[in-house]
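Before any comments, here is the structure.
All chains are named by letter (A, B, ...) in the order of the sequence lines, taking the proteins before the strands, and each is independently numbered beginning at 1.
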2 protein chains.
Amino acid sequence: MISIDYQSKLPLYEQIAQKFQTLILKGALPPDAQMPSVRTMAVELSINPNTIQKAYSLLEQQGYIYPVKGRGNFVSDSSALVRQEKKSLLEDVRQLIQEGKELGVRQTEFIQVIDRIYRKGDSND
Amino acid sequence: MISIDYQSKLPLYEQIAQKFQTLILKGALPPDAQMPSVRTMAVELSINPNTIQKAYSLLEQQGYIYPVKGRGNFVSDSSALVRQEKKSLLEDVRQLIQEGKELGVRQTEFIQVIDRIYRKGDSND
DNA sequence: GAAGTGTACTATTTCATATAGTACACTAAA
DNA sequence: TTTAGTGTACTATATGAAATAGTACACTTC
């Protein structure tokens with residue numbers, strides 16, 4: 001379910017948190033679904049439980065999950081998070097495009113990238 | 001000319017290298033222009049000369065500058081680097097757009113971002 | 001020769017990361 | 001009630017990257 005890249009400069013706990021963020025934002029983990037227990041994840045990934053705990057703390061702080069004492073951690077309602085994530089992503093795209101323009105990338109090149117992605121697969125906008 | 005963010009998780013030497021990369025790619029530092037000396041930069045930024053040296057080594061390794069013993073470091077011809085950077089940037093954009101689509105961002109939203117950037121300012125493509 | 005350059009070392013400090021181990025309170029089920 | 005499984009909070013330790021400090025040497029220019 002979750003894989004680790006030991007070559008990455010990103011700390012393990014951030015990698016783990018990011019993987020779960022993606023799963024939650026895309027709905028693979030629906031609201032109120034139970035997260036794997038800290039100890040289970042630790043065994044599964046051959047990683048120290050404290051590292052998992054740190055990842056979960058981060059996820060809780062960011063609003064992705066909520067803890068219930070003695071029972072476990074559970075997925076929060078992500079609709080607000082999706083909105084926030086879209087906004088942040090659009091801002092990132094804006095900065096990249098701006099940089100691209102300054103480097104001489106033509107508008108048509110960006111348009112092409114978008115067209116290819118939205119043409120293939122399902123028929124979204 | 002160069003500013004440092006001590007809050008950033010990025011190492012100082014990488015921050016410095018990135019700033020120079022931008023300056024070189026955008027032509028603010030033309031080919032064969034002399035880079036500030038390691039010692040000068042160190043004093044200017046109140047940073048250890050070794051850290052500047054490390055940034056310059058990175059820039060040299062990436063092809064942005066070339067050293068001349070006893071004289072200094074100089075800016076390389078950046079045309080190849082610009083091409084490479086454009087390609088890398090387009091790939092980054094592609095990934096972001098793909099993610100955005102999966103989160104439910106509409107194609108028109110991305111188009112709007114591009115239009116705004118390319119409409120304002122000079123009249124490029 | 002003097003000043004300014006790159007470059008190569010060693011040593012040390014600092015900090016984030018990750019691990020190891022223990023402990024305690026809570027919940028659910030037998 | 002007991003047991004197992006959960007979150008959570010500690011302390012201690014090890015490791016490695018990053019940054020600093022200091023020194024040294026070869027080269028170029030004036």
Check the distance between D:dT6's P and A:Met41's CE and give it to me in whole angstrom. 13 Å
Under a 3.5 Å cutoff, is there a donor and acceptor pairing between the side chains of A:Asp32 and A:Tyr66? yes
How close or far is atom C1' of C:dA28 from atom CD of A:Gln34, stated in whole angstroms? 11 Å
Positions of residues 47-57 of chain A (non-hydrogen atom under 4.0 Å from DNA chain C), listed by number: A:Ile47, A:Asn48, A:Asn50, A:Thr51, A:Lys54
Check whether B:Ile65 and B:Leu23 end up in the same hydrophobic cluster, where Ile, Leu, Val, Met, Phe, Trp and Tyr are linked by side-chain heavy atoms less than 4.5 Å apart. yes
Listing request: all salt bridge (Lys or Arg N to Asp or Glu O under 4.0 Å) pairs with a residue in residues 4-13 of chain B, at least two apart in sequence or in separate chains. A:Glu14-B:Lys9
Where along residues 5-19 of chain B does a heavy atom come under 4.0 Å from DNA chain C, residue by residue in number order? none
Treating B:Gln53 as the side-chain partner and B:Val38 as the backbone partner, does any N or O pair qualify as donor plus acceptor under 3.5 Å? no
May I have the distance from B:Ile4 (atom CD1) to D:dA18 (atom C1'), rounded to whole angstrom? 13 Å
Name every donor-acceptor pair, under 3.5 Å, that has one atom in a side chain of residues 82-94 of chain B and the other anywhere in the protein, sequence neighbours excluded.
{"residue": "B:Glu91", "atom": "OE1", "partner": "B:Arg94", "partner atom": "NH1", "Å": "2.5"}

Where the side chain of B:Ser78 meets the backbone of B:Leu81, is there a donor-acceptor pair that is under 3.5 Å apart? no
Look for any protein N or O under 3.5 Å of an N or O in nucleotides 2-4 of chain C and output each such pair with its distance, or none.
{"residue": "C:dG4", "atom": "N2", "partner": "B:Gly70", "partner atom": "O", "Å": "3.1"}

Interface residues of residues 58-68 of chain A with DNA chain C (non-hydrogen, below 4.0 angstrom): none
